[in-house]
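A short write-up of the structure that comes next.
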Amino acid sequence: MTDTPTDSPWARLTEASVGYDGKAVLAGLTLALRRGEFTAVVGENGSGKTTLLKTLAGILPVVAGRVELTGTGGTLPVIGYVPQRDSLDAVWPLSAYEVALMGTYGRLAIGRTFTDAERRLTRECLAQTGAADLERKPFSVLSGGQKQRVLIARALATVPEVLLLDEPTAGIDPEATRAVMELLSRLHHERPLTILMVNHDLPLARRHATEVLRVADGQVRFESVGDLEGRR
Amino acid sequence: MNVFTEVLSPTFLLRDALYTSVVIGLACPVIGVFLVLRRMVFMGVALPQLSSTGVALALSLHALGHIHVEHGGLDEHSLAFVGALTFSILAVTALAFFEQRHVAWNEARVGAAYVLSAAASLLLLAKCPTAERGWLNLFKGEIIAISNSDLKLTVGTLAAVVFVLWIFRKEIILVSYDRELALTLRKRVFGWNLLLYLLIGLAISVAVIAVGPLVTFGFLLLPPMAVRPFAGTMRQFVVAASVLGGVVSVAGFVLAYQWDLPVGPTDVALLGIVCGVGHGVQWLRSRALSSR
């Protein structure tokens, strides 16, 4: 196994088209996403931000071209994925702890149950995101901000190299938004963790991200964080 | 109380029927939990119907002389089981395929499959009175006609289905609850969905042969619906639904025996009452909470 240089890209897209059911939403994308960055993907609703994120996460297959993902060990990177919280059905009777524990499933062999180490790690992740006191509560009754903390804890329980978040602050109050973004900034600096976050809140992206990827008119391009100031 | 002790006595004449009823009462809700949580309740109606169409086809072909049952080979009941299982497996495989392809109108397709299979059953049996009698008994849920071989088949199959569900619960819950997370963790979502559907198909085929589509659907759906408002975790949900199904199957049998009613519809009616009481309690609880 060869070690990958820490400044090499974790994702490289070459003439890639991303979309649903074989139909491209964004076409001809060529870009490299560097390790260690906190990237905000911004753009209008329906511009293709989430489609790009889901393709990078391996949820959607690439329609055309190439998407190469490289982890630090030269293998595929471990991805911690935080979906839009409303995508999870509230009918499921799962506690916050059970939801967070799902992050460890990727490391467990088929049919094997959790070890004490996995349970301990999950509790540590919940504590790290400030959700330790929520672990026994049903996930479906938590507030938007609380759910986001649990979902970030679940993503951390995968022991990720890259954290991908889909609109983590959509529909939550300003106080919870601030807390979630501060948590992400802290994780980015302390771990350190590569983060790619879809968000349409430009001021928020400017404040926390180290680089910005703008999706507009079927095109994707990097902007410096400072460029956003002029657009406000 | 005399009837209750008589029914529970090991020498009770209809003990095979009682045991089968209890096994179905315990196992079907465990499978039904996944139908309810994955919002595939309509599939829970359609699959028993499709299974019974498989039974109708097998019985008709047999009665019309297209399938010959030889001594020591398949008996009529085994033939019905093969028919039910074939139709169930074809249906669940098609469902998994459509889901994988994100084919729209999946619910409408299930509805169409239900109504077409019901019509096909009636047409198949219209010209075949012998097969029709057997099929109607099955459809009505005549549990008392169950033989010892039916009991063994039901216990063995349902125990295997519940065991496999238990072993792979982690994977099945993951792909059912959050398909996207499962994909990012590089799980084989199609394979796990197919396994779940095959287990559902197998369980429904066996249950339909033993107690008919009405009782099967009743035990699949009503216990999970009754206990869902009170369950805080998956384990509580599955255990409570299964225990409720088991208890109602015994109580239903006792009541049917005492009042000379058909067992299947009595079980379903009792489940309906429990479900109504559960939702009433939940409604009162939410009113009390909102008035605080």
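For the numbers below, each heavy atom of this structure counts, side chains included, while hydrogens, waters and symmetry mates do not. Naming convention: chains lettered A, B, ... in sequence-line order (proteins, then strands); numbering from 1 in each chain. Remember, predicted model here, so these are calculated numbers, not experimental data.
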Atom CD of A/Glu44 with >12 non-hydrogen neighbours under 6.0 angstrom:
no
Does A/Arg186 have more than 12 heavy atoms from other residues, nucleotides or ligands lying within 6.0 Å of its CZ?
yes
Could you measure the distance from the CH2 atom of A/Trp92 to the CD1 atom of B/Ile173? Nearest 0.5 Å is fine.
6.0 Å
Among the options B/Gln236, B/Arg169, B/Arg235, B/Met234, pick out the one with the most heavy-atom pairs lying under 4.5 Å from chain A.
B/Met234
Among A/Ile79, A/Val99, A/Leu88, who wins on heavy-atom pairs under 4.5 Å with chain B?
A/Leu88
Shortest non-hydrogen separation from B/Leu183 to A/Ile59 and the atoms involved:
CD1-O, 3.7 Å
Need one label for A/Leu164: side chain, backbone, both or neither, based on atoms under 4.5 Å from any heavy atom in chain B.
neither
Contact origin within A/Phe139 toward chain B - heavy atom pairs under 4.5 Å:
side chain
Please flag which part of A/Lys137 lies under 4.5 Å from any non-hydrogen atom of chain B: side chain, backbone, both or neither.
neither
Considering non-hydrogen atoms only, spot the tightest contact between B/Ala231 and A/Pro93 and give its length.
O-CB, 3.7 Å
Tell me, with the steps shown, if A/Arg154 and B/Leu181 meet side-chain contact (heavy atoms from CB on, under 4.5 Å).
CA-CA 10 Å; A/Arg154 183 178 74 166; B/Leu181 177 70; 3.5 Å; yes
So if I take each residue of residues 186-201 of chain B and look for any heavy atom under 4.5 Å from a heavy atom in chain A, which residues do I end up with?
B/Arg186, B/Lys187, B/Trp192
Which atom pair, heavy atoms only, marks the closest approach of A/Tyr105 to B/Leu185?
CB-CD1, 4.1 Å
Shortest non-hydrogen separation from A/Pro83 to B/Asp178 and the atoms involved:
CG-OD2, 4.0 Å
One should read off an interatomic distance between B/Phe237 CZ and A/Leu94 CG, to the nearest 0.5 angstrom, of 10.5 Å
Contacting region of A/Arg136 [heavy-atom separation from chain B under 4.5 Å]:
neither
Contact part of A/Tyr97 toward chain B, heavy-atom cut-off under 4.5 Å: side chain, backbone, both or neither?
neither
For the student: nearest non-hydrogen atoms of A/Ile110 and B/Glu171, plus distance
CA-OE2, 3.4 Å
Under 4.5 Å from any heavy atom of chain B, what part of A/Ala96 do you find: side chain, backbone, both or neither?
neither
Heavy-atom pairs under 4.5 Å with chain B, option from A/Ala57, A/Ser140, A/Gly58 with the top count
A/Ala57
Neighbour count >12 (heavy atoms, 6.0 Å) for atom CZ, A/Arg12:
no
Counting heavy atoms not belonging to B/Tyr177, are there more than 12 under 6.0 Å from its OH?
yes
Are the side chain of B/Lys170 and the backbone N or O of A/Thr113 linked by a donor-acceptor pair below 3.5 Å?
no
Closest non-hydrogen atom pair between B/Arg228 and A/Val91, with its separation
NE-O, 2.6 Å
